[in-house]
Amino acid sequence: MAVVTIISDWNKNDYYLAALKGRILSHCPDTTIVDITHQVSPFNSAQAAFILRNCFHVYPNGTIHLICVNTEASPDKPHIVVLAMKQYFIGCDNGIFGLLLNEDPEEIVTLKKDSHHPGMFAELFVFADCACGIIHKKKLHELGSPAKSVSKQIPMLPTIDESTINGSVVYIDSYRNAITNISRELFDQIRRKRPFDVFIQSNYYKINRINKNYYDSSSGEMLALFNSLDLLEIAINNGNAADLLNLSVNSVVRIKFYD
Amino acid sequence: MAVVTIISDWNKNDYYLAALKGRILSHCPDTTIVDITHQVSPFNSAQAAFILRNCFHVYPNGTIHLICVNTEASPDKPHIVVLAMKQYFIGCDNGIFGLLLNEDPEEIVTLKKDSHHPGMFAELFVFADCACGIIHKKKLHELGSPAKSVSKQIPMLPTIDESTINGSVVYIDSYRNAITNISRELFDQIRRKRPFDVFIQSNYYKINRINKNYYDSSSGEMLALFNSLDLLEIAINNGNAADLLNLSVNSVVRIKFYD
Amino acid sequence: MAVVTIISDWNKNDYYLAALKGRILSHCPDTTIVDITHQVSPFNSAQAAFILRNCFHVYPNGTIHLICVNTEASPDKPHIVVLAMKQYFIGCDNGIFGLLLNEDPEEIVTLKKDSHHPGMFAELFVFADCACGIIHKKKLHELGSPAKSVSKQIPMLPTIDESTINGSVVYIDSYRNAITNISRELFDQIRRKRPFDVFIQSNYYKINRINKNYYDSSSGEMLALFNSLDLLEIAINNGNAADLLNLSVNSVVRIKFYD
């Protein structure tokens, strides 16, 4: 049974999503369609990439992911399908694949334009047909023309020196926790068991320990922990860190280690 | 494998939708249930009809569509099931079927009232059972009593003369584009290759060409194009046409052709 | 075919839900996953319990319900799985099972902590694996250690005397109707066919009859009826009772019966 996932900025009050699902079910009736989310902010490729990169790896091999954000193609940004890490991704080659994947795809194919509806609702007329082609066991090269590489936006990474990590917030989650781009691995590597302070919003707020659980801090207290993605997260137990600390995507989070 | 779709104004934070799905899955375990949307504005039959009419045709033959908006029946507005264009539609006969379908249904059946829960949650007690009856291969006439016609609200159509089309906005989509009731076919028929102006909000804004793609206009520029429904759409490339141009459902869009 | 439902306060713009579904589909490909709702207010166990208790009973026997609200476990609030009324419920033993179930569970098992991700995203690392264990026909006692009872928060019940019921609003639904904790059974028992007044917000508003349908009252009129749950509901026909009458969860609704 094939699995197709859909991520979009359609916000679920439109006919776009329902039409896309209907077309897939008409051509491939046994498909399991999963909504990743449809509440990506309009045109926010970085947000879509963050959400999808943190969940696609748990899907079965062969899952097809439709990336329905910023899908207007132009001559230098064609629609493509890529095979990477045993999963298929269909989207517009506008840089999002660099944010989504850690490694180069195994195979990249540029999809044909839809001649009947040029520029219009590519998800319905191009992406759905590509997904159904894959489900019907077509080879990728039968669905378009092979390409060598994808355009790459590069995710923002922390800068480091001997005793500092300068990172930033990359995502605000449902509980208004602020997730940073500072991984546990990087933190451990620079820290070398030294004491430290995590500075939030210049030097006004600081935290000098890492929690294992939210409840290790009392209610209302600011805290830092490594979340299920092993990324440093700034939170307030039973509170709303993003609003109370005025954090948003790109806010600076700096860690200083002391000898 | 049967497909059932659900459109409602329940907004997904209620037990209504979950109960409806559970009852269908209890009686018809192999059903694929698809959410069209649950963010129709409360009681807005016209919006529900617009969304459903623009996607039901891509669904497999035999799909059953549950229209869960304005479902309180009264003696002159019974619950009905209709077969039209090889698909089933279950709803309240309050005029919505005139907005939804271009042609008269092949078959119409008035559903029995639920005697245990009169007036209450008809979707659960009447619609689900009707859908399961169809899935279990019952004939429509076994589910109620045949009727001759449906009540019809008539969709608002443009008025035309030799050199003018007076249309209106019928839908604001997720990207805040304004979709009108002016079809490509009507436009071509009146235009006869003449130059034209599209006037938006009296005569303050005008557009004198039709784009093929959004990106044919530069960022922030107002534009008009025929969308995937072949309806004239007013948009702003990378912008928010509805808010910036103060457009909402029923706003007038007028096209004048010049000899 | 197994059915798994998910209720959460994730609000659908996060990777949490998509990851949870992916993991279930990877391990149990034929599962039907149903979203109960993801718009529970953050950390609102009472709202989650109200929604789930009013729909789980229509699901097929053997359905597995994942309760993804307030799931941070602590030594006195472990993750548990319970079997009750032929359905499985997986959640954190923080009192919600008392609000959800009318009777003691048949079987209760405390789940093992996930040693790799202590305190983090238990839904993915603990709940999903428990659900898949059940789907793969494991016995509950193979999934953890048997427990004797669940923690119980007690739902707020009306107080009564010979000629009065003091109840309260327990839920505001999608249409802004106010649903109370006064059941039809209790009402009939105290009423004994006497006339009555329903008082809303001290004594300012009152209603002296029970509608069968919303449309028994004219548009804009305040009304009371027993809804599909057989609970007394305060509504305004074609209006918004919660806002117009300033009702919210815990607002008092009092009924006085007259000899």
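Chain letters run A, B, ... following the sequence lines, proteins first and then strands; every chain starts at 1.
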Between B:P42, B:S8, B:A19, who has the most heavy-atom pairs with chain C when the cutoff is under 4.5 Å?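 Ranked by contacts with chain C, first place is B:A19.
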Contact origin within [X] toward chain B - heavy atom pairs under 4.5 Å:
{"X": "C:T32", "answer": "side chain"}
{"X": "C:I179", "answer": "side chain"}
{"X": "C:L225", "answer": "side chain"}

Top of [options] for chain B proximity - count of heavy-atom pairs under 4.5 angstrom:
{"options": "C:N227, C:N211, C:V34", "value": "C:N227"}
{"options": "C:L229, C:N61, C:D230, C:V40", "value": "C:L229"}
{"options": "C:D35, C:I172, C:I51", "value": "C:I51"}

I'd like to know if the side chain of B:E123 pairs up with that of B:T71 as donor and acceptor (distance under 3.5 Å, no hydrogens or angles considered).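 Judged by distance alone, the side chains do pair up.
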Taking 4.0 angstrom as the limit, do B:K138 and B:D129 come out as a salt bridge?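 Not counted as a salt bridge, because no side-chain N and carboxylate O are separated by less than 4.0 Å.
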For B:F127 and B:H79, run ring pair (Phe, Tyr, Trp, His ring centres under 6.0 Å): C-alpha distance rounded to whole Å, both residues' side-chain angles, the deciding distance at 0.1 Å, then the answer. CA-CA 8 Å; B:F127 291 15; B:H79 295 132; 5.2 Å; yes
Per-residue contact mode, B:L25 against chain C (heavy atom under 4.5 angstrom): both
Is the ring pair C:F50/C:Y171 parallel, tilted or perpendicular, if the boundaries are 30 and 60 degrees?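 Rings of C:F50 and C:Y171: parallel, as their planes differ by under 30°.
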Once you measure the plane-to-plane angle for B:Y59 and B:H65, does it fall in the parallel (<30°), tilted (30-60°) or perpendicular (>60°) bin?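 Ring orientation, 0 to 90° scale: perpendicular.
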C:A235 backbone acceptor or donor facing C:N177 side chain under 3.5 Å: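 Such a contact is absent between C:N177 side chain and C:A235 backbone.
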